[in-house]
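Scroll down for the structure; my scribbles are underneath it.
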Amino acid sequence: MTKLEWVLIKNLKNYPEREVEVKGWLYNKRSSGKIVFMIIRDGTGLLQCVLMKKDRPDLFEQAEKINQESSVIVRGTVREEPRSPGGVEMQLTDIEIVNIADNYPISLKEHGVDFLADRRHLWIRTPKQSALLRVRSTVEQACRDFLHQQDFVLADAPIITPAACEGTTTLFEIDYHGEKAFLSQSGQLYNEAAAMALGRIYCFGPTFRAEKSKTRRHLMEFWMMEAEAAYFDFEDNLKLQEGLIYFIIRTVLDKNKEDLKVLNRDIEKLEAVSLPFPRLSYTEAVEVLRNKGREFEWGNDFGAPDETEISTNFNSPVFVHRYPTKIKAFYMKPDPSDGKVVLGADLLAPEGYGEIIGGGQRIDDLTLLESRIREHNLPEEAFAWYLDLRRYGSVPHSGFGLGIERTVAWLCGIEHVRETIPFPRTLYRLYP
RNA sequence: UCCUCGAUAGCUCAACGGUAGAGCAACCGGCUGUUAACCGGUAGGUUGUAGGUUCGAAUCCUACUCGGGGAGCCA
């Protein structure tokens with residue numbers, strides 16, 4: 001017997017009337033005594049296989065034994081079939097059982113989040129979860145492709161850090177051979193050093209926040225793509241950000257059409273996003289809130305409901321820029337035309353998905369940065385190396401951080417960020 | 001840390017002070033084009049834990065445990 005070509009399910013439409021091989025797992029089976037339908041998944045899609053008892057009684061008997069999530073290699077002829085989900089169907093000529101599964105815990109019926117979260121290692125096999133993870137993969141790759149096109153260099157930041165970068169948030173503490181250390185909450189300060197070396201750089205990795213946040217927008221461990229560019233001013237920075245987000249959307253629309261369909265995503269909402277993105281100063285955003293009848297004092301930070309209120313006025317993500325100095329990080333550069341605000345901007349996703357980017361221009365003046373570190377009561381020794389960047393050829397520079405999970409949640413139109421990462425770390429849940 | 005909701009069969013839920021039940025999954029049987037297939041049958045329970053009220057508690061009360069959603073903080 002000649003060896004058949006191994007074809008991925010997503011490519012089967014290119015093999016009409018050909019006999020090929022598919023390697024995967026049984027997703028579902030329907031049988032009526034004389035005919036059996038086996039739905040096979042291989043990570044790229046679902047394939048319906050059909051077998052008549054009268055054609056191959058031996059194979060039919062074997063098919064009866066195969067249960068949900070058993071691993072199988074199937075061989076047969078591919079043909080177009082409108083009644084089959086996916087449009088193509090395989091007429092079976094051979095079944096090779098790799099492993100018969102034990103009784104599989106996740107049925108095709110509904111389950112609660114608690115049950116599924118405890119079985120995340122199996123939950124990711126379902127069509128919706130697989131679709132989310134494929135979109136995530138596209139988003140991450142699109143980030144890299146876009147930045148490399150713009151001559152950015154990947155410079156990974158450390159995950160173990162000696163001190164709290166920004167001094168504000170709660171960090172996970174670890175024992176570093178007897179010394180106190182922390183899991184990184186941001187690669188930004190290291191990015192600034194790398195940008196002074198390589199010009200335009202980015203890092204891409206996990207970041208950690210130990211705050212007891214328990215909402216659909218928070219994880220204890222999440223992924224950020226943080227870019228930093230020497231000689232980029234505030235305006236250059238915003239242009240880069242909107243270009244990146246737009247590129248990500250177009251790439252996902254191009255590469256993940258089937259996944260977005262599985263996720264039931266309203267694609268028109270994504271297609272409506274256009275350049276340039278709208279911009280609102282913090283002060284204008286406060287006015288928007290007040291005009292909607294909300295009480296809001298200038299100088300306070302926006303809460304999640306405020307962000308939703310602001311972003312629902314637009315089809316595209318919206319930049320909110322020039323926040324009051326005291327509610328932003330110590331390294332933010334003051335606006336030369338208004339000392340009360342800084343050249344920082346957050347990008348708010350539409351449909352209430354909240355902040356997906358935070359960024360801005362950094363302070364490049366040594367004296368000012370020193371006084372800001374003192375004002376924020378930060379340990380000066382820990383920032384000595386950071387101050388060096390202003391001592392040896394300081395230049396204007398800007399950067400930002402993109403939250404991957406929130407971006408994927410928005411693009412896929414799902415409720416909770418925990419489903420956009422293979423193995424989420426949430427408050428009170430460390431397993432699996 | 002605070003507010004709020006929840007925990008009953010493997011799963012999703014019902015029973016709301018009076019003998020714990022259904023659908024799905026499992027197991028047995030039937031069915032020639034199924035779409036979370038369908039039809040018949042079998043088996044499956046110390047109602048999260050501890051205490052209290054009551055003739056009687058899954059149901060009412062208290063505490064605890066575990067979890068969901070939200071606030072703050074942030075991406």
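Sequence lines set the chain letters: A, B, ... in the order given, protein chains first and strands last, and positions in each chain run from 1. Side chains are part of it too, since the values below use all heavy atoms of this structure and drop only hydrogens, waters and symmetry mates.
On the P atoms, B:U47 is 11 Å away from B:U8, given to the nearest whole Å.
An OP1 or OP2 oxygen of B:G68 is reached within less than 4.0 angstrom by a side-chain nitrogen or oxygen of A:Arg429. An OP1 or OP2 oxygen of B:A71 is reached within less than 4.0 angstrom by no side-chain nitrogen or oxygen of A:Arg216. Distances shorter than 4.0 Å separate none of the side-chain N or O atoms of A:His416 from OP1 or OP2 on B:G68.
Nucleic acid contact class of A:Ala304 (heavy atoms, under 4.0 Å, all strands): sugar-phosphate only.
Remark on RNA chain B: of its neighbouring residues A:Arg83 and A:Gly112, the 5'-side contact belongs to A:Gly112, judged by nearest-heavy-atom nucleotide.
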Grab the N/O contacts between the protein and nucleotides 28-31 of chain B below 3.5 Å, and write none if there aren't any.
residue : atom : partner : partner atom : Å
B:C31   : N4   : A:Gly33 : N            : 3.4

Produce the list of close N/O pairs, under 3.5 Å, pairing protein atoms with atoms of nucleotides 1-10 of chain B; give distances to one decimal.
residue : atom : partner  : partner atom : Å
B:U1    : O4   : A:Lys212 : O            : 3.1

Under the 3.5 Å Watson-Crick or G-U criterion, the dot-bracket string of RNA chain B, with | for inter-strand pairs: (((((((..((((....[..)))).(((((.......))))).....(((((..]....))))))))))))....
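Between A:Arg294 and A:Asp306 there is a salt bridge, since at least one side-chain N of the basic residue sits less than 4.0 Å from a carboxylate O of the acidic one.
Geometric assessment of A:Arg119 against the ring of A:Trp123 yields a negative cation-pi assignment under the 6.0 Å and 45° thresholds.
One N or O donor and one acceptor, one from the side chain of A:His218 and one from the base of B:C74, sit under 3.5 Å apart.
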